[in-house]
Amino acid sequence: MLTKEQKMKLYTNLVRVRKLDEIMVKGVLSGKVCGHWSSQKGQEAVGVGATTFLRKDDYIFFCHRGHGITTVIPKGISPRAFIAEHFSKNSGACQGMGCLHVADMEYGAPGLSGSLGGDFVLAAGMGIAAKMRAKGQVVVCIQGDGTYGRGTFHEAALMAANWKLPIVWGVENNQYMVFTPTSDIFPKENMADLAFGYGMPGVVVDGQDVVAVFEAFQTAIERARAGEGPSLIECKTYRIEPHTYGMVDKRCAGLRSPEEIEPWVKKDPVNLFQERLLKEGVLTQADVDRIDREAIEEMEEAERFATESPAPDPQILKQVLYWK
Amino acid sequence: MREIKFVQAIIEALEEEMTRDETVFIIGLNVQADPILTPVRLVEKFGTKRLREVPIAEPGILGCGVGAALAGYRPIVHSRFVDFFMPAADELFHKAAKWRYIHGGKVTIPVTFLAGIGGYLGGGGPEHSQCLEGYIMHTPGLKLAIPTTPYDLKGLLKTAIRDNNPTVVLYHRILVGAGTSGLVPEEEYTIPFGQADIKREGKDVTVVATGLMVFMTLQVADQLQEKGLDVEVLDPRTLEPLDIETILSSVKKTHRLVIVDEDTLRCSVGAEIGMQFMEKGFDYLDAPIKRVGAANSPIPGGFMECYALPQPQDIADAITEVLGIKESFQVKPLELLKPGRHMGERLGYGKKEN
Ligand SMILES: Cc1ncc(C[n+]2csc(CCOP(=O)(O)OP(=O)(O)O)c2C)c(N)n1
Ligand SMILES: [Mg+2]
């Protein structure tokens, strides 16, 4: 059972991540973010539920969508470092070199694979390291439904199962890969079924319900820490925004209909949790307003910090290729 | 002749070849929806069996291309990002490139790999900004075209589809995304591999350029003309086979050679062209060859990419250097590369385009 403080923390992280997403959209529109933004709006409960209570020394891999906001922010990377990285500033998490590729090993976040599916096998390797170090660390690797098409998942899942590596595989199933519905690509309804070939638990959870996500990950994480090996958790959610911000929104050859999106807008994970906490008496309306205000202040301050930071010195290009 | 965009040139080549030959089909991510490949009309005309949607599974996608080709079909494997051919290195560099040879010529692999190359996406980052023609040209067994106008793209793509060898056709993402257009005849035509094209005649210096660099060099050349420099711009169009003869005869006239390609400088296509030239044409040169290319590093993300990728000023400076001109002539940045436009738009996925 979650304590009141834990529930508050989950809720606060949901709100923080949502506000950060909004800042990133503004950044793309104003041209401060050079590149693109794949909004994770409406899917925040997955990453937030899975990672808010991880240990600092646990390892995480995350979806390309949101470039990790729903996991790296709960894990501890500062919004300042996240935004500054996207603005190509020297105060960014990767000194302005990565842009969408945000990493910080202090928080167990080694990066984002541009070629999707590259993370699975690296997660297996980090699982080996975690197991050999024997300090009870786990690896949480959450990837999009489409990304689970990669054969690298098979290779990584096989090794993880065989060696009982402390890994939790998460599927953030938002039902789309760019313009293609995932149901056109996968023969079965539940991707969690992938788990059974490797003899690991496979469960399906409601990805809009942050508590359900938390509980499923908690069970799997405890199992992994106890040396019993990997699990797979499929979180059912939905992508309400286009694939990347400003991009045409298609479903196969046609356009995606607003009627398809609408029911999912109603299942907004932030609103759902807020209503529940208000009803349970965990939150008052005054708390809701305060958390909102604080999150906005935090993100706006981070944006100012990023805007005012200097661009990296081009000399850095010659300094980071090799360890010196 | 009529003016059409790159997108239209690709679609026309695909539609004509799919109509002509029932064994031609397309396989790749989002092929049924990709605005650059498939207007709804194509999906309706050929059906989803011949426009095959796939999982994110590049070894599977490229492998299916090779396998279907072994069994008598003519698949076209498409990827917006040539970068994602890397996970399928076995299928591309081993199976497609080597299987005919190692089986004594007993198997035929008429597959076409069609992919977008290049950086300047503004925030593409190192795994979405590459030009892999160096790797591909390095590998015997793969024919390689890198067209830079709608005319060349259509003609070379049609030739590639009909070729009985594994063939790679690379278009530049920026040229396609920016909606660049060019003259293309109404009637059917193909362009043979191995014929370079002089995109601009000049007598002072030869610039051999590939991909987006052709476009960039042409704009630089026009600006240098105002300073009285007469630049010849030569586009090899195919790298395997490479038309070294046309390069030799151009330099025989100009006596100076600059090679511009967007790939990482070390072991690049430019390095190979330069060395092949040196073996045959050293005596024509009045100055050492100069190369322009990407820095020997990954392409950094965000705004930082401009420090690693070749810029018009680098090309202008290389030209003045081989001509022994001490002064640096300032040239404008490439028009197409407006900063602040988001990456989807640069790729041609903006709302307008549809
Ligand atoms: C190996 C590889 N192939 C293709 C792509 C292009 N690509 C980028 S995002 C994406 C869709 C990913 O789908 P999913 O994993 O479901 O994540 P979502 O976008 O739905 O969040 C694709 C195909 C890529 N980045 N890497
Ligand atoms: Mg998805």
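All chains are named by letter (A, B, ...) in the order of the sequence lines, taking the proteins before the strands, and each is independently numbered beginning at 1. As a basis for the values below, the full set of heavy atoms in this structure was taken, side chains included, without hydrogen atoms, waters or symmetry mates.
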Engineer: Can you say whether A:F87 sits under 4.5 Å from chain B via the side chain, the backbone, both, or neither, judging by heavy atoms?
Structural biologist: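 Only the backbone of A:F87 comes within 4.5 Å of chain B.
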
Engineer: What about the rings of A:H67 and A:W37, do their centers lie closer together than 6.0 Å?
Structural biologist: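 Under 6.0 Å, so yes.
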
Engineer: Salt-bridge test for B:E15 and B:R41: reply yes if a basic N is under 4.0 Å from a carboxylate O, no otherwise.
Structural biologist: yes

Engineer: Considering only NZ, NE, NH1 and NH2 on the basic side and carboxylate oxygens on the acidic side, decide whether A:D249 and A:R239 come within less than 4.0 Å.
Structural biologist: yes

Engineer: Between A:R80 and A:E303, does at least one N-O distance fall below 4.0 Å, as a salt bridge requires?
Structural biologist: no

Engineer: For A:N174 and A:T237, does a side-chain donor sit closer than 3.5 Å to a side-chain acceptor?
Structural biologist: no

Engineer: Return yes if a side-chain donor-acceptor contact under 3.5 Å exists between A:D145 and A:T182, otherwise no.
Structural biologist: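 The criterion, which ignores hydrogens and geometry beyond distance, is satisfied for A:T182 and A:D145.
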
Engineer: Do you know which of A:D184, A:L317, A:L116, A:T152 has the most heavy-atom pairs under 4.5 Å to chain B?
Structural biologist: A:L317

Engineer: Between the side chains of B:K98 and B:D90, is the shortest nitrogen-to-carboxylate-oxygen separation below 4.0 Å, so that they form an ion pair?
Structural biologist: no

Engineer: Listed by residue number, which members of residues 54-64 of chain B have a heavy atom under 4.5 Å from any heavy atom of chain A?
Structural biologist: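 Near chain A, by residue number: B:V54, B:P55, B:I56, B:A57, B:E58, B:P59.
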
Engineer: Pull out the residues in residues 20-27 of chain A that come under 4.5 Å of chain B, heavy atom to heavy atom, sorted by number.
Structural biologist: none

Engineer: Shorter than 4.5 Å, heavy atoms on both sides: which option in B:S297, B:P298, B:G302, B:A295 has the most such pairs with chain A?
Structural biologist: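 The candidate making the most pairs under 4.5 Å is B:G302.
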
Engineer: Flag yes if more than 12 heavy atoms outside B:Y135 fall under 6.0 Å of its OH atom; otherwise flag no.
Structural biologist: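 Not more than 12 within 6.0 Å, no.
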
Engineer: Is the distance between the ring centroids of A:F120 and A:F61 under 6.0 Å?
Structural biologist: no

Engineer: Heavy-atom distance under 4.5 Å to chain A: side chain of B:L42, backbone, both or neither?
Structural biologist: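 Contact with chain A: none, neither part.
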
Engineer: From the options A:E172, A:E241, A:R65, select the one residue that forms a side chain to side chain donor-acceptor pair (under 3.5 Å) with A:Q40.
Structural biologist: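 The single option meeting the side chain to side chain donor-acceptor pair (under 3.5 Å) with A:Q40 is A:E172.
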
Engineer: What part of A:K318 lies closer than 4.5 angstrom to a heavy atom of chain B: side chain, backbone, both or neither?
Structural biologist: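 Interface part for A:K318: neither.
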
Engineer: Side-chain donor-acceptor pair under 3.5 Å between A:Y176 and A:R256, yes or no?
Structural biologist: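 Their side chains do not contain a donor-acceptor pair, so the 3.5 Å distance test is not met.
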
Engineer: Between A:V102 and A:H86, does the side chain to side chain contact (heavy atoms under 4.5 Å, CB included) criterion hold? Intermediate values first, please.
Structural biologist: CA-CA 9 Å; A:V102 172; A:H86 283 80; 3.8 Å; yes

